[in-house]
Amino acid sequence: MIRVLALAAAMTAIPVVMTAPVVNAAPATVYDPCVRATQDYRRALAAYEAAQTCTRNRIVCNSPQAEARRLNAARERMEDACR
């Protein structure tokens with residue numbers, strides 16, 4: 001009787017396990033080099049814009065050279081990856 005109950009429990013557990021949703025499954029686009037490079041470029045652009053110091057009405061803006069270099073490097077990597 002115990003064997004029958006154990007077998008019945010195992011049979012009902014298999015469909016539950018097989019239909020359980022996959023947690024933390026990344027979409028295929030995350031591994032696409034172009035998508036990743038574009039995301040990196042957008043982050044570099046946001047950092048560049050955040051680092052700027054502007055006068056009234058954004059007429060004159062100063063940017064740190066390091067942020068400008070990082071932005072250009074990210075743009076070049078994005079162009080290379082998306083060809």
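- E76 contributes atom CD, which lies 10.0 Å from atom CG of L71 (distance to the nearest 0.5 angstrom).
- Comment: E79 engages R75 in a salt bridge, judged by a side-chain N to carboxylate O separation of less than 4.0 angstrom.
- Between atom CD of residue Q39 and atom CG of residue D32 there is a gap of 9.5 Å, rounded to the nearest 0.5 Å.
- Atom CZ of R42 has 12 or fewer neighbouring heavy atoms from other residues, nucleotides or ligands inside a 6.0 Å radius.
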Please determine whether side chain to side chain contact (heavy atoms under 4.5 Å, CB included) holds for the pair D40 and R43, giving the CA-CA distance in whole Å, both sets of side-chain angles, and the decisive distance to 0.1 Å. CA-CA 5 Å; D40 290 342; R43 281 191 289 271; 2.3 Å; yes
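- Closest of all the heavy-atom pairs between P64 and A51 is CD-O, 3.5 Å.
- With respect to D80 and R77, no salt bridge is recorded, no charged nitrogen being found less than 4.0 Å from a carboxylate O.
- A47 and E67 get closest at one heavy-atom pair: CB-OE1, 3.6 Å.
- In the hydrophobic clustering of this structure, M78 groups with L45; members are Ile, Leu, Val, Met, Phe, Trp, Tyr whose side-chain heavy atoms approach within less than 4.5 Å, directly or through other members.
- Pairing each heavy atom of A74 with each of A44, the nearest pair is CB-CB, 3.9 Å.
- Of all non-hydrogen atoms in S63 and Q52, the two that sit nearest each other are OG-CG, 3.1 Å.
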